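Remarks on the structure that follows.
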Amino acid sequence: MTPLPGINPDESLWSWLAFDLRFYREARGLTQAEVGKIIGVTKQQVHNLESGIRKPSKTQTRTLDAAWGTGGHFSRLRKYAEEGHDLNWFRAFVLYEARARSIRTYTSSVIHGLLQTPEYARALLVAGYVDDVDAAFAARMSRQEVLARPQPPDVWALINESALDQPVGGPEVMRRQLAHLLEASRLPNVVLRAVPRRVGAHMGLDGSFTVISTKGENVAYLEALGGGRLAQESADVAKFAVRFDRIGADAMSRTDSRALIERIMEAMT
């Protein structure tokens with residue numbers, strides 16, 4: 001197979017799936033609109049599937065397998081793509097983040113990227129041995145532009161206490177980061193609450209995640225070393241929403257969370 005313009009099938013399993021959706025369609029002489037009728041979506045949505053912007057659902061891959069007699073090719077490829085980690089998932093997540101109407105995030109060990117100060121963000125990137133720190137830093141800071149929109153998204157942030165007292169970049173950098181959190185917590189669209197260490201074991205210890213709601217859909221992103229995972233199926237996203245609520249049930253109030261941050265700042269010398 002010669003790669004079609006716009007997608008590299010060797011980049012990831014999801015890219016391979018997107019590539020094959022277009023390859024199989026064109027091999028059958030079908031238009032995107034005709035494929036849309038088969039799986040019940042618009043021409044634009046088929047374009048998004050073939051471009052890797054949107055991931056096909058289990059129902060859509062099963063329908064195409066049945067319609068085209070592939071022997072389960074698309075369903076099988078989707079299964080293995082979903083079970084793995086993919087750097088492209090984060091790229092897709094950032095696109096959703098930029099269009100978000102609401103963002104619910106829980107962070108276990110570091111402050112969420114949207115709430116990081118430049119010094120804190122750079123210290124994390126340097127410590128993580130990122131190949132191109134400057135490029136990664138610029139990308140992270142540009143994500144924060146979503147909070148400067150005329151109508152910014154509502155942000156509901158749960159932060160584990162261990163992320164608040166970890167002196168990333170040293171005490172002074174961390175103090176300024178905590179001061180920034182206090183300032184952000186007073187914005188009308190931001191609700192920031194801390195999950196105290198005294199809670200002990202809770203669902204959030206498994207890792208950080210974010211649930212995003214846009215105008216037309218909800219997605220969840222689970223962070224992990226080497227790529228993370230983007231959940232788009234409604235049932236999967238609902239599980240993360242429930243997890244967020246359960247963690248939040250043990251979190252401190254907004255006022256008590258600010259008081260905790262202030263105490264940590266005072267103790268950080």
Side-chain angles (χ1 to χ4, degrees), residues 94 97 100 102-130 133-134 136-149 152-212 221 223 225 228 243-269:
V94 170
E97 188 178 66
S102 74
I103 298 172
R104 287 172 287 173
T105 177
Y106 164 77
T107 49
S108 178
S109 57
V110 299
I111 308 302
H112 192 274
L114 293 182
L115 299 174
Q116 293 177 6
T117 63
E119 294 171 302
Y120 180 97
R122 185 173 289 277
L124 281 177
L125 294 170
V126 170
Y129 291 95
V130 175
V133 172
D134 289 338
F137 174 78
R140 184 165 300 183
M141 291 297 100
S142 68
R143 287 170 53 198
Q144 298 184 2
E145 294 174 3
V146 67
L147 300 180
R149 291 185 332 207
D154 291 322
V155 178
W156 304 76
L158 297 174
I159 305 176
N160 209 34
E161 184 176 347
S162 61
L164 296 172
D165 59 18
Q166 180 75 17
V168 173
E172 287 306 312
V173 169
M174 194 62 200
R175 280 173 60 87
R176 286 190 285 272
Q177 173 63 69
L178 295 174
H180 179 66
L181 288 180
L182 288 175
E183 182 180 353
S185 73
R186 294 184 172 90
L187 294 174
N189 62 308
V190 176
V191 175
L192 190 153
R193 298 167 63 209
V195 182
R197 187 172 285 105
R198 65 173 181 268
V199 170
H202 60 82
M203 296 184 73
L205 296 181
D206 286 342
S208 303
F209 64 92
T210 301
V211 179
I212 288 179
Y221 182 74
E223 297 183 20
L225 183 64
R243 175 176 291 195
F244 182 87
D245 289 341
R246 287 180 174 171
I247 297 170
D250 290 324
M252 305 170 76
S253 68
R254 302 170 74 178
T255 300
D256 289 345
S257 295
R258 292 191 190 105
L260 173 64
I261 292 173
E262 290 170 350
R263 290 196 300 271
I264 294 174
M265 288 179 65
E266 291 174 0
M268 192 167 290
T269 59

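Throughout, numbering of the chain's residues begins at 1 and tracks the sequence. Everything numeric in this text was worked out from a predicted model, so none of it was measured.
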Legend entry - Residues in side chain to side chain contact (heavy atoms under 4.5 Å, CB included) contact with A100, at least two apart in sequence or another chain: I103, P153, I212
Inset, instruction - List for me each residue that meets side chain to side chain contact (heavy atoms under 4.5 Å, CB included) alongside D250, sequence neighbours excluded, and say none if there are none. - result: V199
Inset, instruction - Would you give the length of the straight line joining atom CD1 of I247 to atom CG of N160, rounded to the nearest 0.5 angstrom? - result: 8.5 Å
Legend entry - Spacing of L147 atom CG and L187 atom CG [to the nearest 0.5 Å]: 8.0 Å
Inset, instruction - Evaluate the side chain to side chain contact (heavy atoms under 4.5 Å, CB included) criterion for residues L192 and I261: first the C-alpha distance (whole Å), next the side-chain angles of each, then the deciding distance (0.1 Å), finally the verdict. - result: CA-CA 11 Å; L192 190 153; I261 292 173; 4.0 Å; yes
Legend entry - Where T105 and H112 come nearest, the two heavy atoms and their spacing: OG1-CD2, 2.9 Å
Legend entry - Sequence neighbours excluded, every pair satisfying salt bridge (Lys or Arg N to Asp or Glu O under 4.0 Å) that has a member inside residues 175-185: E119-R176
Inset, instruction - Measure across A184 and V190 and return the closest heavy-atom pair with its distance rounded to 0.1 Å. - result: O-CB, 3.3 Å
Inset, instruction - Find out whether T210 and E97 are in side-chain contact, i.e. whether some heavy atom of one side chain is under 4.5 Å from a heavy atom of the other. - result: no
Inset, instruction - Might you work through the side chain to side chain contact (heavy atoms under 4.5 Å, CB included) test for L124 and Q116, ending with a clear yes or no? - result: CA-CA 10 Å; L124 281 177; Q116 293 177 6; 3.6 Å; yes
Legend entry - Counterpart residues, salt bridge (Lys or Arg N to Asp or Glu O under 4.0 Å), relative to D134 (two or more places apart): R122
Inset, instruction - Check W156 against F244 and note the closest heavy-atom contact, atom names and distance. - result: O-CZ, 3.5 Å
Inset, instruction - For S185, check side-chain hydrogen bond (donor to acceptor under 3.5 Å, both in side chains) against everything at least two apart and list the hits. - result: R258
Legend entry - Which residues share a side-chain hydrogen bond (donor to acceptor under 3.5 Å, both in side chains) with R243, sequence neighbours left out: none
Legend entry - Contacts of S102 that satisfy side chain to side chain contact (heavy atoms under 4.5 Å, CB included) - sequence neighbours left out: D154, S213
Inset, instruction - Give a yes or no on whether R186 atom CZ has more than 12 heavy-atom contacts from other residues, nucleotides or ligands under 6.0 Å away. - result: yes
Legend entry - Qualifying salt bridge (Lys or Arg N to Asp or Glu O under 4.0 Å) pairs with a residue from residues 103-118, counting only residues at least two apart or across chains: none
Inset, instruction - Search all heavy atoms of Q177 against all heavy atoms of I111 and return the closest pair with its distance. - result: NE2-CG2, 3.9 Å
Legend entry - Interatomic distance, R143 atom CZ to R140 atom CZ [nearest 0.5 angstrom]: 6.5 Å
Inset, instruction - Check the surroundings of atom CZ in R149: do more than 12 heavy atoms from other residues, nucleotides or ligands lie under 6.0 Å from it? - result: yes
Inset, instruction - Would you please classify the geometry between the Y106 ring and the H202 ring as parallel, tilted or perpendicular, with 30° and 60° separating the classes? - result: perpendicular
Legend entry - Non-neighbouring partners of R254 that pass salt bridge (Lys or Arg N to Asp or Glu O under 4.0 Å), sequence neighbours left out: none
Show every donor-acceptor pair shorter than 3.5 Å between a side-chain atom in residues 165-173 and any protein atom, with sequence neighbours excluded, or say none if there are none.
unit_1, atom_1, unit_2, atom_2, d
D165, OD1, R197, NH2, 3.3
D165, OD2, R197, NH1, 3.3
D165, OD2, R197, NH2, 2.8

Inset, instruction - Would you give the length of the straight line joining atom CG of L260 to atom CG of L178, rounded to the nearest 0.5 angstrom? - result: 9.0 Å
Legend entry - Separation of E262 CD from L181 CG (nearest 0.5 Å): 12.0 Å
Legend entry - Residues which pass side-chain hydrogen bond (donor to acceptor under 3.5 Å, both in side chains) with S208, listed by chain and number, not counting sequence neighbours: none
Legend entry - Main-chain N/O of M252 paired with R193 side-chain donor or acceptor, under 3.5 Å: yes
Inset, instruction - Grab the two heavy atoms, one from A121 and one from M141, that are nearest each other, plus how far apart they are. - result: CB-CE, 3.6 Å
Inset, instruction - Start with the C-alpha distance between V130 and F137, add both sets of side-chain angles, then the distance that settles side chain to side chain contact (heavy atoms under 4.5 Å, CB included), and finish with yes or no. - result: CA-CA 10 Å; V130 175; F137 174 78; over 6 Å; no
Inset, instruction - Please identify each residue that fulfils side-chain hydrogen bond (donor to acceptor under 3.5 Å, both in side chains) with D256, with sequence neighbours left out. - result: S253
Legend entry - For the student: nearest non-hydrogen atoms of S108 and S162, plus distance: O-OG, 3.0 Å
Legend entry - Point-to-point distance, once rounded to the nearest 0.5 Å, from CG of L164 to CZ of R263: 11.0 Å
